[in-house]
Enquirer: 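Let me begin by handing over the structure; questions about it come next.
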Amino acid sequence: MNEGDRPLDPATLAVHLGRPPARSGAPVNPPVAMSTTFRVGGAIEYGRVDNETWGALEAAIGGLEGGRALAFASGMGAVTAVFETLPTPGRVVVAGDAYVGTREYLSDVAGRGRLRFRTVDVADTDATLQACAELAEGPARPSGARGQFGAGGLLWLESPTNPLLAVADLDALVAGAHALGMDVIVDNTFATPLLQRPLSFGADVVVHSGTKFIAGHSDVLLGLTVTARDEVHELLRIRRTLHGAIPGPWEAWLALRGLRTLAVRLERAEANAAELARRLSAHPRVERIYYPGLPSDAGHERARAQMAGFGAMVSFEVAGGAAGADAVVAALSLITPATSLGGVESLLERRARHPGEEALPAALLRFSVGLEHVEDLWDDLEQALAAPF
Ligand SMILES: *Cc1c(COP(=O)(O)O)cnc(C)c1O
């Protein structure tokens with residue numbers, strides 16, 4: 001397929017990876033392998049352990065991220081599988097505004113004495129590494145040395161974070177955490193493998209909520225882990241098999257189908273996000289905006305250096321506190337007031353209404369910018385921002 005030495009562009013790989021072998025008469029798409037059991041003597045015996053349709057999705061995501069992927073029933077299925085590999089008691093440094101489910105899980109297991117964790121502002125490299133040094137406590141390992149996965153603790157990054165869009169310096173944090181003997185995980189849900197490849201910065205594991213941009217249509221729950229370390233891949237595979245957090249074959253197939261259009265969806269959504277962020281930042285009712293694509297954003301330079309684009313998530317605070325923000329959401333007519341993100345349709349919600357999100361600014365609105373025409377989105381935002389409060 002390749003012309004000369006130039007590697008295929010990720011946008012092309014997203015279309016082509018995970019297809020059946022190119023044989024005459026072969027289907028162009030992988031089958032949805034709806035069977036729980038398989039005749040003996042083959043590579044797959046039981047449907048909780050492996051499935052051909054998962055394999056196609058895993059080949060595609062693994063190829064894009066530069067490692068080996070495993071599909072899970074949900075993003076949280078993938079997130080918890082990683083934490084469950086930790087020897088007890090685990091030690092974790094985590095982004096303070098990491099996905100709320102990730103933090104709730106950590107509080108839950110910490111409450112049962114199985115690990116200790118600290119939250120940090122991952123945009124602050126020095127503070128993050130300081131927290132790592134305090135929690136790691138172990139003997140420093142020479143740079144590049146590897147012990148049992150997670151034995152030296154985990155640094156759990158999101159970048160950009162959900163929902164404050166903070167950008168972590170992946171190069172510096174991976175190197176610093178590794179020097180302390182810690183392993184580094186990056187939740188790459190907001191960036192997708194098309195905008196950021198954390199394994200290329202040395203991260204040990206990438207996790208995704210495939211529910212979001214990868215599947216892309218708000219109709220599938222799915223999660224993924226990706227790692228270039230074979231022994232870590234095997235640890236995660238064991239977690240998946242024993243915990244049973246497996247995706248249905250149909251869900252895996254839909255996620256792969258979503259991936260085929262990820263590049264064009266992102267292109268449109270990101271262009272919309274950039275334009276709407278620019279307009280929102282000049283709107284009198286908007287008090288603060290968070291979007292790494294804006295040159296004024298604290299994470300702009302870093303995002304430019306380590307990402308191939310700024311993504312389609314925009315957060316902003318409006319005047320009038322929680323009531324003011326609720327009034328804006330209630331006045332929307334085109335943009336859907338709903339949680340979640342990464343679908344073709346624009347979604348917007350006030351995050352602090354959720355339990356566990358009370359530390360966020362009360363008037364923070366998280367906006368998942370979709371594929372509608374940008375002027376239709378702006379008209380709706382403008383009339384909603386005029387709502388009395
Ligand atoms: C949604 C989300 C998750 C959890 O994924 P589910 O598919 O809902 O289980 C994890 N991380 C981030 C950043 C998310 O946005």
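The first residue in the sequence is number 1, and the count goes up from there. Read the numbers this way: they start at 1 and go in the same order the structure lists the ligands and their atoms.
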Enquirer: Provide the number and element of each atom of ligand 1 under 4.0 Å from a heavy atom of Asn162.
Expert: 14 (C), 15 (O)

Enquirer: Considering only protein heavy atoms, which is closest to atom 7 (O) of ligand 1, and at what distance to one decimal place?
Expert: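 Ranked first by proximity to atom 7 (O) of ligand 1 is Thr211 OG1, 2.6 Å.
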
Enquirer: At what distance is the nearest protein heavy atom to atom 9 (O) of ligand 1, and which residue and atom is it?
Expert: Met76 N, 2.8 Å

Enquirer: Counting non-hydrogen protein atoms only, what is the nearest one to atom 5 (O) of ligand 1? Give residue, atom name and distance.
Expert: Ser209 OG, 2.9 Å

Enquirer: Between His217 and Asp219 (side chain of the first, backbone of the second, donor and acceptor by atom type, cut-off under 3.5 Å), is there such a pair?
Expert: no

Enquirer: To which protein heavy atom is atom 4 (C) of ligand 1 closest, and what is the distance rounded to 0.1 Å?
Expert: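 Residue, atom and distance for the closest contact: Tyr99 CE2, 3.3 Å.
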
Enquirer: Side-chain contact test, heavy atoms from C-beta onward, threshold under 4.5 Å: evaluate it for Glu357 versus Leu364 and give yes or no.
Expert: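 Of all side-chain heavy-atom pairs linking Leu364 with Glu357, none is under 4.5 Å.
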
Enquirer: Sorted by first residue and then second, give each ring pair (Phe, Tyr, Trp, His ring centres under 6.0 Å) pair with at least one member in residues 289-345; sequence neighbours left out.
Expert: His300-Phe310

Enquirer: Identify, for atom 12 (C) of ligand 1, the protein heavy atom at the shortest distance, and state residue, atom and that distance.
Expert: Asp187 OD2, 3.4 Å

Enquirer: Distance alone, cut at 3.5 Å: any donor-acceptor contact between the side chains of Glu275 and Asn272?
Expert: no

Enquirer: Among all protein heavy atoms, pick out the one at the shortest distance from atom 6 (P) of ligand 1; state its residue, atom name and that distance to 0.1 Å.
Expert: Gly75 N, 3.3 Å

Enquirer: Pairs of nitrogen or oxygen atoms closer than 3.5 Å, one from Lys212 and one from ligand 1: do any exist?
Expert: yes

Enquirer: According to side chain to side chain donor-acceptor pair (under 3.5 Å), who are the partners of Thr211, at least two apart in sequence or on a separate chain?
Expert: Ser209

Enquirer: Please evaluate residues Val206 and Leu199 with respect to the criterion side chain to side chain contact (heavy atoms under 4.5 Å, CB included), reporting the C-alpha separation (whole Å), side-chain torsions for both, the decisive distance (0.1 Å), and the verdict.
Expert: CA-CA 7 Å; Val206 166; Leu199 299 184; 3.8 Å; yes

